[in-house]
Amino acid sequence: MEAKKIFHDVFQNIEVGIGEVSKTVGVSQRQLRYWEEKGYIKPVDDNQSGVRRYTLSTLYLIIFIKTQLDQGFTLSAAFERSKDIKVKSKIVRNFFEHTFNDVTITDADKAYGEIDLGELLVQDGQKYHFKGVVDEHGRYLKIDK
DNA sequence: GTTCTAACA
DNA sequence: TGTTAGAA
């Protein structure tokens with residue numbers, strides 16, 4: 001089986017109970033049930049037990065909402081932001097999966113490097129390489145011949 | 001001991 | 001949202 005699919009299956013099958021989520025994330029069980037009632041989060045539906053279990057992706061959503069709440073946003077605003085982030089993440093992931101060919105490490109300890117974003121063909125027939133650079137100056141774009 | 005629903009401070 | 005009661 002393809003590694004990507006295995007990861008997806010494993011990721012999707014990891015579940016956590018409401019007690020553990022509550023203790024770990026710092027959100028009360030009451031809140032979790034309320035958020036569910038509001039339609040913001042959804043426990044895995046297959047069990048007949050009536051006991052709530054959350055997938056990892058739901059856990060991440062819960063953590064995101066909690067973080068937004070701590071920063072002063074309302075619950076509904078936090079949820080709207082989560083939808084926004086979800087779409088943006090998907091776009092960014094898609095872009096990078098299909099564009100960067102290689103990452104060159106320039107400093108492993110500081111996590112500095114150059115991301116080759118692909119070739120750029122200009123009118124004069126010259127080929128350039130578009131690079132995303134992360135170093136002591138921050139992050140910026142660079143064009144190499 | 002944990003989780004659930006419902007109700008009330 | 002917190003808390004509590006009574007049941008699973």
Side-chain angles (χ1 to χ4, degrees), chain A residues 1-122 127-144:
Chain A
M1 194 185 281
E2 191 188 346
K4 194 173 177 180
K5 182 169 170 51
I6 294 173
F7 181 81
H8 179 268
D9 286 354
V10 171
F11 185 86
Q12 210 37 48
N13 279 318
I14 295 177
E15 296 174 5
V16 285
I18 194 171
E20 192 169 4
V21 172
S22 178
K23 270 185 292 183
T24 307
V25 184
V27 174
S28 69
Q29 298 189 12
R30 175 78 170 83
Q31 283 179 296
L32 260 8
R33 297 186 182 106
Y34 179 68
W35 295 359
E36 175 186 339
E37 182 186 317
K38 287 296 214 174
Y40 298 148
I41 60 175
K42 181 76 191 144
V44 12
D45 39 331
D46 79 30
N47 51 286
Q48 307 293 317
S49 62
V51 176
R52 276 165 260 252
R53 317 206 105 258
Y54 303 101
T55 64
L56 258 195
S57 60
T58 303
L59 176 58
Y60 287 145
L61 173 58
I62 291 169
I63 292 172
F64 180 83
I65 294 175
K66 201 278 190 280
T67 304
Q68 295 297 297
L69 254 30
D70 288 346
Q71 289 177 15
F73 293 99
T74 64
L75 177 57
S76 61
F79 182 65
E80 287 310 308
R81 285 183 148 235
S82 77
K83 291 196 295 186
D84 192 58
I85 294 294
K86 187 175 181 179
V87 177
K88 286 179 178 175
S89 299
K90 193 170 182 178
I91 294 169
V92 171
R93 241 180 291 125
N94 185 298
F95 180 82
F96 279 104
E97 277 175 9
H98 297 297
T99 53
F100 84 77
N101 302 310
D102 200 10
V103 178
T104 304
I105 299 172
T106 55
D107 188 322
D109 292 332
K110 296 179 178 175
Y112 290 161
E114 292 190 354
I115 304 169
D116 192 333
L117 298 171
E119 285 185 341
L120 183 66
L121 190 60
V122 191
K127 279 185 181 176
Y128 296 89
H129 263 82
F130 227 67
K131 291 183 176 177
V133 183
V134 177
D135 62 16
E136 66 272 19
H137 302 303
R139 55 186 172 82
Y140 54 93
L141 292 177
K142 187 173 73 176
I143 298 176
D144 282 351

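Owing to the predicted nature of the structure, the values given are computational and were not obtained by experimental measurement.
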Who are the side chain to side chain contact (heavy atoms under 4.5 Å, CB included) partners of [X], not counting sequence neighbours?
X	value
A:Gln31	A:Val27, A:Ser28, A:Trp35
A:Ile18	A:Gln29, A:Leu32, A:Arg33, A:Arg52, A:Tyr54
A:Val134	A:Tyr112, A:Arg139
A:Phe11	A:Phe7, A:Leu56, A:Ser57, A:Tyr60

Residues of residues 55-64 of chain A with a heavy atom under 4.0 Å from any atom of DNA chain B, listed by number, are none
*asked:* Does atom CD (A:Glu20) have a neighbourhood of more than 12 heavy atoms from anything else shown, all under 6.0 Å?
replied: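 Result for CD/A:Glu20: open.
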Step through the shown structure and confirm whether more than 12 heavy atoms of other residues, nucleotides or ligands are within 6.0 Å of CD1 on A:Ile105.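 Atom CD1 in A:Ile105 is not crowded, with 12 or fewer foreign heavy atoms closer than 6.0 Å.
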Outer limits of DNA chain C sitting under 4.0 Å from a non-hydrogen atom of chain A, read 5' to 3', are C:dT1 to C:dT3
About how many Å separate [atom2] of [Y] and [atom1] of [X], when rounded to the nearest 0.5 Å?
X	Y	atom1	atom2	answer
A:Ile62	A:Ile65	CD1	CD1	7.5 Å
A:Leu61	A:Lys66	CG	NZ	14.0 Å
A:His129	A:Glu114	NE2	CD	11.0 Å
A:Phe130	A:Ile143	CZ	CD1	4.5 Å

Tell me, which stems hold DNA chain C, with a stem being 3 or more Watson-Crick or G-U pairs in a row and both distances under 3.5 Å?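 Stems for DNA chain C, defined as runs of 3 or more consecutive pairs: B:2-8 with C:2-8.
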Outermost contacting nts on DNA chain B, any atom under 4.0 Å from chain A heavy atoms, listed 5' then 3', are B:dT3 to B:dA7
Contacts satisfying side chain to side chain donor-acceptor pair (under 3.5 Å) that involve residues 2-13 of chain A (not counting sequence neighbours) are none
Measuring only between side-chain heavy atoms, which start at C-beta, is A:Asp116 closer than 4.5 Å to A:Thr104?
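A:Asp116 vs A:Thr104: side chains apart.
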Any side-chain heavy atom of A:Leu59 sitting closer than 4.5 Å to one from A:Val25? yes
**Study point:** Pairs involving residues 98-113 of chain A, ordered by first then second residue, that meet salt bridge (charged side-chain N to carboxylate O under 4.0 Å, His left out) (sequence neighbours left out)
**Key:**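 Output for this query is empty, none listed.
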For residues 73-93 of chain A, the ring pair (Phe, Tyr, Trp, His ring centres under 6.0 Å) pairs (sequence neighbours left out) are A:Tyr40-A:Phe79
Which ones in residues 29-40 of chain A lie close to DNA chain C, meaning a heavy atom under 4.0 Å from one of its atoms?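 Contacting residues: A:Arg30, A:Gln31, A:Tyr34, A:Trp35.
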